[in-house]
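Some notes on the structure that comes next.
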Number of protein chains: 2
Amino acid sequence: MISSPRRGKQLADKVYQDIKDDIFEFRLLPGDRFSENEMAQRTGASRTPVREALFRLEREGYVEVSPRNGWQVKPFDFHYFEELYDVRTVLECAAVRRLCELENLADTLQPLMALWSVPEDQRLRDISGVLNLDENFHSELVRTAGNGEMTRIHQNITERLRIIRRLDFTKRARIDATYDEHHAILETILHRWVEPAQIMLKAHIEASRNEVRKITLHMLYEARRQGSGDTGDALPAPTSGSRAGA
Amino acid sequence: MISSPRRGKQLADKVYQDIKDDIFEFRLLPGDRFSENEMAQRTGASRTPVREALFRLEREGYVEVSPRNGWQVKPFDFHYFEELYDVRTVLECAAVRRLCELENLADTLQPLMALWSVPEDQRLRDISGVLNLDENFHSELVRTAGNGEMTRIHQNITERLRIIRRLDFTKRARIDATYDEHHAILETILHRWVEPAQIMLKAHIEASRNEVRKITLHMLYEARRQGSGDTGDALPAPTSGSRAGA
DNA sequence: GCATACCTCGTTGTATACCAGTAGGTATGC
DNA sequence: GCATACCTACTGGTATACAACGAGGTATGC
């Protein structure tokens, strides 16, 4: 059994994924500071693979380094998330246009169609499952459009938004809406109605985005309530108890 | 005199820039292979900063590594460049739409307008100068639209396309056209005519892209003429004399 | 009590030493 | 002559040692 075609960087990759998971699971909180040595101990690796992992995470916008002063998990920047949503919308609308111009549209869209036209009683009900499915829908929409670079960029944005979409605590109410909207969007694309499909997609993303805005306001309120007032649009680590080590 | 606010990673940054320049100036040719030790000698640094630089270049798509088999400059992949052009067009068209919806449009666009409505006798004539200006026009168009993330992504794409746009040997014939088209696009945006402006912009990019296509065909022809026939869409290092070291 | 200067400790940045795996040449058996 | 198996040299991956720099605490002068 060949485990993977490229064996190199096993540790660095593992450390990268570990830290990223820690951030996504909020074991590392936005604002938390740590040093390379701490992280090396925490992950059991040496500084070299840790640094490589951190540099990748830095480029992807999850952490930042001050030259001789340690690292920190980037505080939430909601303005930045808003911008990401905008770019995401632009890319997906472009994908829709491209899809509508495809020759073998029906065949291409068939797999997605199958996923999203299941009868009501066979729909997934659990939140995280639907969240995954939803993410997959949008990714596939772009991927199916056929531009690899656009797919890569969209994937990157999706991942960066995931941390905040995971907070979407009111999602349960929107599960059925999600199924219906996705199905409707696909149908519209199948009819090659470009503008209507784009409008529907925009509205769909906007809905999800409004959830995020609610969370934003809630978190800002919480942060202001218990913290000092100097946190404009950033959410600091709530207490000093959220140490990275241990 | 404070040379720079962040002093860290001086060597790694320098090495990164050096290698990138080598690639852009074709001192390192697409397909060239090299090891980390060679590159360390070549740049005078140790492997650590060299590796950091290479990882960055890898993520940006300029080089690739095979685990225990050395690095190589990524061969030209014209399909990939085509995709980048597509994404670029999508982003810039979105920027145009956003610009047309701006409140203080005239003020915002004023600097660009000043640059591109100079009388004929004051226009730049040298190729590389106009190339820079042209790149700047498109970057500013996006930046002015106000989405930082979109700007960042667009900037990244622009840089990746630069290596091939530098080959645009027929540009001289298009200098006047470039000035005229940029000016016209700006005027159209000022009138808030979204679709016309987008169409003009698309056509403008398409023209530049056709130059690239010509180069593509030419280079493929050259590569096939002197190399073996197994290079589908990749351009290998022409001869074994293009060694990285020395 | 306060400001300032110094010193220490911890941080990242860089260099080097060590490890593991692979490609490719070479020798050997047929 | 050919195929196969081994062996070596070189690769990137990882760990560690060393250097330079900065923040922050502490002591000292006022």
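Order of the sequence lines fixes the chain letters, A, B, ..., with proteins taken first and strands second; residue numbering starts at 1 for each chain.
With D:dA15, D:dG12, D:dG13 as the choices, the nucleotide that has an atom nearest any side-chain atom of B:Ser35 turns out to be D:dG12.
Rounded to an integer number of Å, the gap from B:Glu58 CD to D:dG13 C1' is 13 Å. Spacing between atom CD of B:Glu36 and atom P of D:dT11 amounts to 10 Å, rounded to whole angstrom units. Here the C1' atom of nucleotide C:dG13 and the CG atom of A:Asn69 are 14 Å apart, to the nearest Å. Protein atom CZ of A:Phe55 is 11 Å distant from nucleotide atom C1' of C:dT14, rounded to whole Å. The distance from atom CZ of B:Arg68 to atom C1' of C:dG21 is 5 Å, rounded to the nearest whole Å. As a whole-Å value, the separation of A:Glu38 CD from C:dG10 C1' is 11 Å. When the P atom of D:dT14 is taken as reference, atom CG of A:Leu54 falls 14 Å away, rounded to whole Å. Put simply, CD on A:Gln72 is 12 Å from P on C:dT12, counting in whole angstrom units.
Partners of B:Arg56 under the side-chain hydrogen bond (donor to acceptor under 3.5 Å, both in side chains) rule, at least two apart in sequence or in another chain, are B:Asp13. Residues satisfying the ring pair (Phe, Tyr, Trp, His ring centres under 6.0 Å) test with B:Tyr16, not counting sequence neighbours, are none. Partners of A:Leu115 under the side chain to side chain contact (heavy atoms under 4.5 Å, CB included) rule, at least two apart in sequence or in another chain, are A:Leu133, A:Asn136. Evaluation of the salt bridge (Lys or Arg N to Asp or Glu O under 4.0 Å) rule for B:Glu64 yields no partner, not counting sequence neighbours.
A:Asp134 and A:His138 get closest at one heavy-atom pair: O-CD2, 3.0 Å.
For the atom pair A:Arg42 CZ and A:Asn37 CG, the distance stands at 14.5 Å (nearest 0.5 Å). Taking CZ of A:Arg162 as the start and CD of A:Glu135 as the end, the distance is 4.0 Å to the nearest 0.5 Å.
A side-chain donor-acceptor contact under 3.5 Å links A:Asn156 and A:Arg160.
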Given Watson-Crick and G-U pairs under 3.5 Å, DNA chain D in dot-bracket ([ ] crossing, | other strand) is ||||||||||||||||||||||||||||||
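Remark: B:Arg47, B:Arg51 in residues 44-52 of chain B come within less than 4.0 Å of DNA chain D through at least one heavy atom.
Between A:Tyr85 and A:Tyr80, the distance separating the two ring centers is not shorter than 6.0 angstrom.
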